[in-house]
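Values reported hereafter were calculated over all heavy atoms of this structure, with side chains retained and with hydrogens, waters and symmetry mates removed. Just follow the structure's listing: the first ligand is 1, and inside any ligand the first atom is 1. The shown structure was predicted, so the numbers you read here are calculated from the model rather than taken from an experiment.
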Amino acid sequence: MSSLDASAIRRPLSECTRAKLESLELFGEIESTNTYLMSQPPPAAGLCRVAIADHQTSGRGRHNRSWLSHPGDGLCLSLAYTFEKAPEHLPALTLALGVGVVGALQGLNVPGCRLKWPNDIVARDGKLGGILTEVQPGRGDSVTIVAGIGINIFFREHADFGTESGWAQRAIGLDSIADELPSHELLAGTMIENLYVAVSDFEVSGLDGFRDAWRQHDWLLGREVIVDMVDQEICGIAAGVDIDGALLVDTAEGSTRVISGSIVLPESAGAKQ
Ligand code: BTN
């Protein structure tokens with residue numbers, strides 16, 4: 001059984017989001033909240049389903065990495081949403097959700113959170129959390145997304161970030177950033193509110209309305225980066241994001257668009273696994 005109180009999680013929700021929340025399920029322990037929602041019937045178009053766990057036994061991150069946290073030490077939350085018609089540039093949704101996550105943290109007086117393309121939440125140059133967005137085609141033109149958010153609340157030194165690239169081994173928890181830690185429920189409720197608003201705004205206008213905010217929070221902007229794209233590696237200066245969510249990198253050959261890849265900073269390239 002979960003240690004969380006569902007009514008306290010619903011408290012920060014706006015009336016609109018409450019009305020759109022088809023289900024809120026809390027688990028003490030589960031394999032992965034993303035895996036769970038991906039296996040469930042999709043919510044009706046325009047509605048969302050949320051699953052939250054105190055502990056995941058097989059939490060997953062991007063690129064098949066594992067996401068590990070001790071019971072109760074992190075927020076493990078997934079939100080499923082059905083788009084009646086698949087939006088253009090769906091991969092950019094992760095960026096819009098990132099803006100929503102940072103907005104939620106700012107609203108809870110957690111200072112200095114940034115975004116590292118495409119899915120990392122960064123604070124004090126360490127990994128505070130991440131987003132895993134998965135897509136399931138539905139009937140006709142519809143598509144359901146499951147967005148999983150992991151946030152370190154308490155970070156213990158021995159937490160294992162597995163095969164993350166070098167920079168991310170500098171993980172960090174809210175406990176060392178926030179003057180006053182929000183309750184797990186307030187964090188979860190505020191996150192649901194911001195994620196729902198982000199996903200429904202994205203449905204209307206794509207990444208357009210999020211690009212200014214992304215630029216403000218963009219941790220990579222102006223940094224020298226190495227992009228590992230499996231078959232090739234490019235080096236250059238990160239220069240923001242395109243309307244479809246691609247990372248722009250200024251290289252010696254000109255501007256390059258990166259659709260998928262792992263970003264490594266030159267100073268941590270040796271630590272990359
Ligand atoms: C990443 O940094 O690569 C993404 C991490 C996402 C972790 C969250 S925790 C809740 C949800 N369930 C999962 O198995 N993964 C996401």
Side-chain angles (χ1 to χ4, degrees), residues 2 4 9 24-40 48-81 91 93-98 100-102 104-105 113-123 125-136 144-155 159-174 184 187-189 191-192 194-195 198-199 219-220 228 245 247 260-264 268 272-273:
S2 170
L4 300 177
I9 293 175
L24 170 62
E25 294 174 274
L26 308 180
F27 299 92
E29 187 173 278
I30 197 171
E31 185 186 345
S32 146
T33 50
N34 260 45
T35 306
Y36 172 71
L37 284 181
M38 288 292 280
S39 73
Q40 291 298 298
C48 67
R49 296 183 57 151
V50 171
I52 304 175
D54 293 354
H55 183 229
Q56 301 182 119
T57 52
S58 293
R60 296 183 289 112
R62 199 166 154 258
H63 293 318
N64 289 325
R65 291 171 184 140
S66 50
W67 178 263
L68 305 166
S69 76
H70 296 273
D73 273 7
L75 176 69
C76 303
L77 179 154
S78 298
L79 177 144
Y81 180 88
L93 174 64
T94 301
L95 277 60
L97 292 168
V101 170
V102 168
L105 293 167
C113 295
R114 314 281 296 278
L115 292 162
K116 173 176 174 279
W117 185 92
N119 73 319
D120 290 315
I121 316 300
V122 180
D125 293 341
K127 179 156 174 160
L128 176 66
I131 303 172
L132 174 67
T133 312
E134 299 183 288
V135 178
Q136 201 160 58
T144 298
I145 61 94
V146 174
I149 317 298
I151 301 282
N152 305 318
I153 299 177
F154 301 101
F155 176 68
D160 174 10
F161 278 79
T163 53
E164 267 291 83
S165 46
W167 80 275
Q169 283 166 10
R170 295 194 296 268
I172 193 162
L174 283 181
H184 207 123
L187 177 62
M191 209 50 87
I192 295 169
N194 280 258
L195 292 172
V199 84
W219 184 72
L220 288 177
D228 180 356
L247 175 70
S260 168
S262 289
I263 309 299
V264 185
S268 62
K272 192 179 150 261
Q273 297 180 25

**Complete:** Correct closest heavy-atom pair for N34 and L132 would be ND2-O, 3.3 Å
**Request:** Would you name the heavy atoms of T144 and A80 that are closest together and state the gap between them?
**Result:** CG2-CB, 4.4 Å
**Request:** Could you note down all residue pairs passing salt bridge (Lys or Arg N to Asp or Glu O under 4.0 Å) where residues 145-155 supplies at least one of them, sequence neighbours left out?
**Result:** none
**Prompt:** With no hydrogens and no angle check, do the side chains of D228 and S262 hold a donor and an acceptor under 3.5 Å apart?
**Reply:** no
**Request:** Only heavy atoms count here, so choose which of K127, R62, E134 is nearest to atom 2 (O) of ligand 1.
**Result:** K127
**Request:** Kindly identify the option in E31, K116, H63, R60 whose heavy atom sits closest to atom 16 (C) of ligand 1.
**Result:** R60
**Complete:** Closest non-hydrogen contact found for A96 with A198 is O-CB, 3.8 Å
**Request:** Compare I30, I131, N64 and give the one whose heavy atom is closest to atom 4 (C) of ligand 1.
**Result:** I131
**Request:** Enumerate the atoms of ligand 1 whose separation from the nearest heavy atom of G59 is less than 4.0 angstrom.
**Result:** 14 (O)
**Message:** With a cutoff of 4.0 Å, is R65 in contact with ligand 1, counting heavy atoms of the residue only?
**Reply:** no
**Asked** Against heavy atoms of L77, which atoms of ligand 1 measure under 4.0 Å?
**Response** 10 (C)
**Item:** Option set L68, T133, N119, I151, criterion heavy-atom distance to atom 1 (C) of ligand 1, minimum
**Value:** N119
**Prompt:** For ligand 1, which atoms, with element, lie under 4.0 Å from some heavy atom of S32?
**Reply:** 12 (N), 13 (C), 14 (O)
**Nearest-0.5 Å distance that lies between atom CD in Q56 and atom OH in Y36** = 13.5 Å
**Request:** Under the side-chain hydrogen bond (donor to acceptor under 3.5 Å, both in side chains) rule, collect the residues that match up with H184, sequence neighbours excluded.
**Result:** none
**Request:** Give the atoms of ligand 1, by number and element, whose distance to some non-hydrogen atom of G61 is under 4.0 Å.
**Result:** 1 (C), 3 (O), 4 (C), 5 (C)
**Request:** Below 4.0 angstrom from a heavy atom of T33, which ligand 1 atoms are there? Numbered from 1 as shown, please.
**Result:** 10 (C), 11 (C), 12 (N)
